[in-house]
Amino acid sequence: VNDAGDRPDIYFIMLDAYASSRSLKNNMGFDNHEFIDYLESQDFYIPAGGRSNYTNTTLSMASAMNMRLLDDIAALNPGDSDDPSALIEMTRNSEVMDFLRARGYKILHFKNVWMPRRDLGYEDLYVGCERSGFFSLGGDEFSVSLIRTTVADPFLTRFGIVQDELRARRLCDFSKIPEIMRLPGPKFVFAAFSVPHPPFLCGRNGEPVRSIETSYSVWGSREQYLDQ
């Protein structure tokens, strides 16, 4: 991107909890080179030896989208606060997005939980399927957490209703990418997908997995992770 008019479409794709090839090989004995080689053959840029600055997604996103470490985070979240709102705002109003907006880019967000729809004077577009179907009243993580506190939880999870909806939304998100490619540019697509992050919902061939575990904090086995 430059001021001379070269403004290509930019896709920032973040697969939550997707380990680097080195980590997969060293820690799980899994060789991921075939997939990485294919992406590079299609002109994707894959950072070699990439690693997250933080172990928390909202921290990592705020850091990456502002191109700096968050040494001043204590001032944003005083005490032991777990409130992520300051980090969410740092991502939505990040230096990267402001830089691109100033150069005529349209910003497209997938992750509605991180990127609330309230208007802050921008003309950003919100795409993806996170607020559709069974979870239309809230983001998926909130809805699942709420369900787990009710008497409906054993029935909805045992019969696979929660898992099916989460799986359908994830697949729907991916299906939106070809549609977005046809939109006029220049555009910056901020695509944060909750895979292969738990809950683990698919087998290695994409088939549904009937696990009754829907928690975002239960990691399960090595095999379940790799199958995602």
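Quantities reported herein were computed from a predicted structural model and do not represent experimental measurements.
When all heavy atoms of Leu59 and Leu70 are compared, the pair lying nearest together is O-CD1, 3.5 Å. Contact detail for Pro186 and Arg7: the closest heavy-atom pair is CB-O, 3.4 Å. Of all non-hydrogen atoms in Gln228 and Gln224, the two that sit nearest each other are NE2-O, 3.0 Å. Phe200 and His197 make their closest contact through CE2-C, 4.2 Å (heavy atoms, listed as atom of the first residue, atom of the second, distance).
Annotation: salt bridge (Lys or Arg N to Asp or Glu O under 4.0 Å) contacts involving residues 184-209, sequence neighbours excluded, comprise Asp9-Lys187, Arg204-Asp227. Within the structure, no pair that satisfies the ring pair (Phe, Tyr, Trp, His ring centres under 6.0 Å) test touches residues 51-70, not counting sequence neighbours.
For Ser94, there are no side-chain hydrogen bond (donor to acceptor under 3.5 Å, both in side chains) partners two or more places apart in sequence or in a different chain. For Met28, the side-chain contact (heavy atoms from CB on, under 4.5 Å) partners two or more places apart in sequence, or in a different chain, are Leu24, Arg222, Tyr225, Leu226. Residues that satisfy the side-chain hydrogen bond (donor to acceptor under 3.5 Å, both in side chains) test with Asn53, not counting sequence neighbours, are Ser63. By the side-chain contact (heavy atoms from CB on, under 4.5 Å) test, Glu95 pairs with Asn66, Met67, Arg68, sequence neighbours left out. By the side-chain contact (heavy atoms from CB on, under 4.5 Å) test, Asn27 is found to be paired with Ser23, residues two or more places apart in sequence or in another chain being considered.
How far CG of Leu87 is from OG1 of Thr58: 5.0 Å, rounded to the nearest 0.5 Å. If you take NE2 on His109 and CG on Asp124, they are separated by 4.0 Å, rounding to the nearest 0.5 Å.
Shown here is Phe12, whose CZ atom has more than 12 heavy atoms of other residues, nucleotides or ligands within 6.0 Å.
Annotation: cation-pi pair Arg170/Phe174 absent, no NZ/CZ under 6.0 Å from the ring centroid and within 45° of its normal.
Tested against Met65, the residues Met90, Met14, Met97 include a single side-chain contact (heavy atoms from CB on, under 4.5 Å) partner, Met97.
Ile180 has its side chain within reach of Val127: a pair of non-hydrogen atoms, C-beta onward, lies under 4.5 Å apart.
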Subject >> Stepwise side chain to side chain contact (heavy atoms under 4.5 Å, CB included) test for Phe190 and Met61 >> reply: CA-CA 11 Å; Phe190 182 78; Met61 285 293 93; 3.6 Å; yes

Original post:
When you look at Tyr45 and Leu39, which way does the side chain to side chain contact (heavy atoms under 4.5 Å, CB included) test go after all the steps?
Top reply: CA-CA 8 Å; Tyr45 170 69; Leu39 291 178; over 6 Å; no

Subject >> Audit row: Val195, Asp173, side chain to side chain contact (heavy atoms under 4.5 Å, CB included) steps and yes/no >> reply: CA-CA 11 Å; Val195 287; Asp173 274 348; over 6 Å; no

Original post:
Between Tyr105 and Ile10, is a side chain to side chain contact (heavy atoms under 4.5 Å, CB included) present by the stated rule, with each step listed?
Top reply: CA-CA 9 Å; Tyr105 273 77; Ile10 302 170; 4.1 Å; yes

Which pairs would a plain distance check flag for residues 30-38, meaning a side-chain donor or acceptor within less than 3.5 Å of a matching protein atom at least two apart in sequence or in another chain?
residue, atom, partner, partner atom, Å
Asp31, OD1, His33, N, 3.0
Asp31, OD1, His33, ND1, 2.9
Asp31, OD2, His33, ND1, 3.2
Asn32, ND2, Tyr18, OH, 3.1

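The pair Asp98-Arg101 counts as a salt bridge, with a side-chain nitrogen and a carboxylate oxygen less than 4.0 angstrom apart.
By the criterion of side-chain heavy atoms lying less than 4.5 angstrom apart, applied directly or through intervening Ile, Leu, Val, Met, Phe, Trp or Tyr residues, Leu201 is not grouped with Leu171; the two fall into different hydrophobic clusters.
Between the side chains of Asp16 and Ser194, no donor N or O sits under 3.5 Å from an acceptor N or O.
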